[in-house]
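Sequential numbering from 1 along the given sequence is applied to the chain's residues.
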Amino acid sequence: MVFTEPEIASVGLTAAAAEAAGLRIRVVDYDLGAVAGSVLQAEGYQGHARMVVDEDRKVIAGFTLVGPDVAELLHAATIAVVGEVPLDRLWHAVPAFPTVSEVWLRLLEAYGR
């Protein structure tokens, strides 16, 4: 967690580090300002989320967030990465709506089933 403006939060591997480690990955990016709950956070909210998926194990190898108050999303990402929670299981962890944590659903939708 880096408390800059905007905040930067990251857990696990970046895409470059995952590739260097020999993982077969897929990167999924999402605009945090596009989730419905962002308007409740701030008018004109701008941010970004990146999920790095280990394609062989179907788990999140890394997660990075940039934007206002993204520190609040870091713990959920840490549990998903450290716990090696399969993507199929994450579909059942429905985020609160409308909140910025809706990004979890949007990233999974962008990844596909």
Participant: Give the minimum heavy-atom separation between P68 and P6, together with the two atoms involved.
Facilitator: N-CB, 4.2 Å
Participant: Determine yes or no for a side-chain-to-main-chain donor-acceptor pair under 3.5 angstrom, with Y30 supplying the side chain and R50 the backbone.
Facilitator: no
Participant: Do V2 and F63 belong to the same hydrophobic cluster, where Ile, Leu, Val, Met, Phe, Trp and Tyr are linked whenever their side-chain heavy atoms lie under 4.5 Å apart, directly or via other members?
Facilitator: no
Participant: Could you tell me the separation between the OH atom of Y111 and the CD1 atom of I60, rounded to the nearest 0.5 Å?
Facilitator: 10.0 Å
Participant: Can you name the closest pair of heavy atoms from V85 and I79 and give their distance?
Facilitator: CG2-O, 4.0 Å
Participant: Search all heavy atoms of V39 against all heavy atoms of A36 and return the closest pair with its distance.
Facilitator: CG2-O, 3.3 Å
Participant: CD/Q41 to CD/Q46 distance, rounded to the nearest 0.5 angstrom?
Facilitator: 13.5 Å
Participant: Are L87 and L23 joined in one hydrophobic group, where the rule is that I, L, V, M, F, W and Y side chains link up if heavy atoms are under 4.5 Å apart?
Facilitator: no
Participant: Do side-chain atoms of T78 reach the backbone of L74 as a donor and acceptor pair under 3.5 angstrom?
Facilitator: yes
Participant: Of the non-hydrogen atoms in L105 and P95, which two are nearest, and what is the gap between them?
Facilitator: CB-CG, 4.0 Å
Participant: Among M51, R106, E109, which residue satisfies the side-chain contact (heavy atoms from CB on, under 4.5 Å) criterion with V28?
Facilitator: M51
Participant: Quick one: closest heavy-atom pair of G33 and S38, and the distance?
Facilitator: O-OG, 3.1 Å
Participant: Is any side-chain heavy atom of V100 less than 4.5 Å from a side-chain heavy atom of L32?
Facilitator: yes
Participant: With rounding to the nearest 0.5 angstrom, report the CG to OG1 distance, L73 to T99.
Facilitator: 8.0 Å
Participant: For the backbone of T64 and the side chain of S10, can you confirm whether one donor and one acceptor N or O come within less than 3.5 Å of each other?
Facilitator: no
Participant: Check for me, please, whether V52 and V11 land in the same ILVMFWY cluster - side-chain distances under 4.5 Å, paths through other members count.
Facilitator: no
Participant: Crowded around E55 CD? As in, over 12 foreign heavy atoms under 6.0 Å?
Facilitator: yes
Participant: When hydrophobic residues are tied together by side-chain contacts of less than 4.5 Å, even through go-betweens, does V70 share a cluster with L108?
Facilitator: yes
Participant: Please find the pair of heavy atoms, one from L65 and one from A49, that lie closest to each other, and give the distance.
Facilitator: CD2-CB, 3.7 Å
Participant: Applying salt bridge (Lys or Arg N to Asp or Glu O under 4.0 Å), which residue pairs with at least one partner in residues 2-26 are found, sequence neighbours left out?
Facilitator: R24-D56
Participant: What about V27 and V59, same hydrophobic cluster or not, with Ile/Leu/Val/Met/Phe/Trp/Tyr joined at side-chain heavy-atom distances under 4.5 Å?
Facilitator: no
Participant: Please walk me through it: do Y45 and L40 pass side chain to side chain contact (heavy atoms under 4.5 Å, CB included)?
Facilitator: CA-CA 9 Å; Y45 186 98; L40 299 175; over 6 Å; no
Participant: Using only heavy-atom distances, determine whether the side chains of D31 and H48 contain a donor-acceptor pair under 3.5 Å.
Facilitator: no
